[in-house]
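Just below is one structure, and these are the notes that go with it.
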Protein chains: 2
Amino acid sequence: MFSQSEENYIKTIYHLSSISNQGISTSAIAKKLDTKASSVTDMIKKLSEKEVVIYKKYQGVTLTALGKSIAIDIVRKHRLWEVFLVNKLNFPWDEVHEIAEQLEHIQSPKLIDELDAFLNYPKQDPHGDPIPDKNGRMHAIEKSLLSSLKKGDKGVCVGVEDSSSEFLKFLDRQGISLGKNIEIINIEPFDDSLLIKLEDKELSISNKIASNLYIQKITIE
Amino acid sequence: MFSQSEENYIKTIYHLSSISNQGISTSAIAKKLDTKASSVTDMIKKLSEKEVVIYKKYQGVTLTALGKSIAIDIVRKHRLWEVFLVNKLNFPWDEVHEIAEQLEHIQSPKLIDELDAFLNYPKQDPHGDPIPDKNGRMHAIEKSLLSSLKKGDKGVCVGVEDSSSEFLKFLDRQGISLGKNIEIINIEPFDDSLLIKLEDKELSISNKIASNLYIQKITIE
DNA sequence: CATTATTTTTAGACCTACCTAAAAATATGT
DNA sequence: ACATATTTTTAGGTAGGTCTAAAAATAATG
């Protein structure tokens, strides 16, 4: 139905939309897909004819309901394959993205539903991102960027904003992974770096690191 | 390295070579890939430049050592994915071919090696075909077409020659599957049909069916 | 608000993988 | 062996997806 290239554009527009909720610019898409703006314009015209996006010249694009459901399906496939790679094939979480980028284009609804069942209907992928169910529904968990919390706040690490291999490997070296308890001991005013307690150990992390880590706050009732 | 299309040509030439051990004709490839002879000529020229095949005009093609190793790698991937689909995701054996045709093009040596380990290094795929190991080695098991056996011969069903969905579904309806015991009770001279004992039940099958079923003969020592 | 800078689109070209139609080479039959 | 049939290749064309360079539209700035 849709080529791999078309699917990549749809997915990219979907991801960019979740941030900006404006029309997505040609150049933003080009940057994400590492291609030229002129190529993007061509593809957008095609997707517009296929009723996947709404496009007016110079105004950027937005996904239609159809486009959104295609995107969610691709995201579902991508994240389920990531779970498979980590949970069943013992891949480290920083190596699964590239392979899932290929696997997400495999066409077989039954395959994905069986994989979902095989994995026990996981709700999050290895980076903490929500996995849409068969009907496209997903519920994001309550989470905040570590950088947005205050001194004394406690919580559990539940996700990453940046899932690049470099960042994830850095977290591995620091012993930071999903499920770990984190408490903010102090925030350094000079550079906004954070002194945190990770389980039992104290650790200092830069603001840049903190603004790429999601924490589920522990609300003491 | 190689496009999906190139991989499909290489795989097709490999499969045809295992039958004829002559140079493979343009038209044979075209027929298998459901394409035109002129398209095949184009692709063959390209593969020849890439040193995957040896090609002389009008003489057909043969795979080089490089071509053969690429083909075996694709076959390995195809068959491992088939095992995964049947053993882990509960797919029936007649539904896995099409999906494996897609999965076999995923590029990641580590993925395949991990999958191999996860599946416990299977030696045969769900249709009884041998799975090459990491180094491309595979040992075919001793097997004969049921149609080549004689009255009184006994054995175990170990493979199929035709793995079309139609044939496999037919076998399902007859209760024939890999591992079942088969004994030839009688061969009807008029139409070469066979009366066989399948485990405990007697069954009559046409010669066409028998010439698509592989049996490992039980040699009574 | 007019001029400059940036973004976006158009125009024309390339590459891959396919096609049709015609020409060239090989096979076949009597 | 020679005419005919078949196979294979060549020539030229199309569609998808990309590119560069130039033109058009929008955004930014003094």
Side-chain angles (χ1 to χ4, degrees), chain A residues 1-14 16-17 19-63 67 70-71 74 101-102 104-107, chain B residues 1-14 16-17 19-20 22-63 67 70-71 74 101-102 104-105 107:
Chain A
M1 199 61 183
F2 291 93
S3 71
Q4 292 207 183
S5 200
E6 288 171 329
E7 287 194 349
N8 285 336
Y9 276 91
I10 294 169
K11 193 181 55 157
T12 299
I13 296 166
Y14 175 79
L16 291 171
S17 298
I19 308 165
S20 78
N21 67 64
Q22 301 292 320
I24 306 304
S25 73
T26 303
S27 54
I29 298 167
K31 193 179 172 188
K32 265 264 180 182
L33 286 173
D34 194 30
T35 184
K36 301 293 158 167
S38 54
S39 307
V40 175
T41 302
D42 284 351
M43 181 58 92
I44 276 172
K45 281 181 186 166
K46 192 162 40 133
L47 292 177
S48 169
E49 270 157 34
K50 291 192 176 185
E51 317 227 288
V52 167
V53 300
I54 292 166
Y55 168 59
K56 276 190 194 138
K57 279 186 191 177
Y58 298 100
Q59 304 306 125
V61 286
T62 49
L63 288 174
I70 295 165
I74 300 167
E101 290 276 300
Q102 298 181 60
E104 73 190 3
H105 299 295
I106 302 293
Q107 303 289 358
Chain B
M1 200 61 183
F2 291 93
S3 71
Q4 293 207 182
S5 200
E6 288 171 328
E7 287 194 347
N8 285 336
Y9 276 91
I10 294 169
K11 191 182 56 158
T12 298
I13 295 166
Y14 175 78
L16 291 170
S17 298
I19 308 165
S20 79
Q22 301 291 320
I24 306 304
S25 72
T26 302
S27 54
I29 298 167
K31 194 179 171 187
K32 266 263 181 183
L33 286 174
D34 194 30
T35 185
K36 303 292 158 168
S38 53
S39 306
V40 175
T41 303
D42 284 352
M43 181 58 93
I44 277 171
K45 281 181 185 164
K46 190 162 42 132
L47 292 177
S48 169
E49 270 158 32
K50 292 192 176 185
E51 316 227 289
V52 167
V53 300
I54 292 165
Y55 168 59
K56 276 192 195 135
K57 280 187 190 176
Y58 299 100
Q59 304 305 125
V61 286
T62 49
L63 289 174
I70 295 166
I74 300 167
E101 290 276 301
Q102 297 181 61
E104 72 190 4
H105 299 296
Q107 304 288 0

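Quick note on labels: first sequence line is chain A, next is B, and so on, each numbered from 1.
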Between D:dG16 (C1') and B:Gln4 (CD): distance, integer Å: 15 Å
A:Lys11: partners by side-chain contact (heavy atoms from CB on, under 4.5 Å), with sequence neighbours left out: A:Asn8, A:His15, A:Ile74, A:Glu101, A:Glu104
Euclidean distance, atom CZ of residue A:Phe2 to atom P of D:dA15 [Å, nearest integer]: 19 Å
Whole-Å gap separating C1' (D:dG16) and NZ (A:Lys36): 20 Å
B:Lys31 NZ to D:dT7 P, straight-line distance once rounded to whole Å: 10 Å
Pairs where residues 34-44 of chain B contributes a residue and the test side chain to side chain donor-acceptor pair (under 3.5 Å) is met, not counting sequence neighbours: none
Whole angstrom value for the distance that separates C1' of D:dA15 from CE of A:Met43: 12 Å
Distance in angstrom units between A:Asp34 CG and D:dT18 P, rounded: 11 Å
Distance in angstrom units between A:Asn8 CG and D:dT18 C1', rounded: 14 Å
Partner set under side chain to side chain donor-acceptor pair (under 3.5 Å) for B:Glu7, not counting sequence neighbours: B:His105, B:Gln107
Give me, pair by pair, the N or O atoms of the protein and of nucleotides 8-12 of chain D that are less than 3.5 Å apart, along with how far apart they are.
| residue | atom | partner | partner atom | Å |
| --- | --- | --- | --- | --- |
| D:dT8 | OP2 | B:Ser27 | N | 2.9 |
| D:dT8 | OP2 | B:Ser27 | OG | 2.7 |
| D:dT9 | OP1 | B:Tyr55 | OH | 2.3 |
| D:dT9 | OP1 | B:Tyr58 | N | 2.9 |
| D:dT9 | OP2 | B:Thr26 | OG1 | 2.9 |
| D:dT9 | OP2 | B:Thr41 | OG1 | 2.9 |
| D:dT9 | O5' | B:Tyr55 | OH | 3.3 |
| D:dT10 | OP1 | B:Lys57 | NZ | 2.4 |
| D:dT10 | OP2 | B:Lys45 | NZ | 2.3 |

Residues forming a side chain to side chain donor-acceptor pair (under 3.5 Å) with A:Lys50, sequence neighbours excluded: A:Glu6
Any side-chain heavy-atom pair of A:Ile29 and A:Ile13 under 4.5 Å: yes
side-chain contact (heavy atoms from CB on, under 4.5 Å) partners for A:Ser20, two or more places apart: A:Gln22, A:Ile24
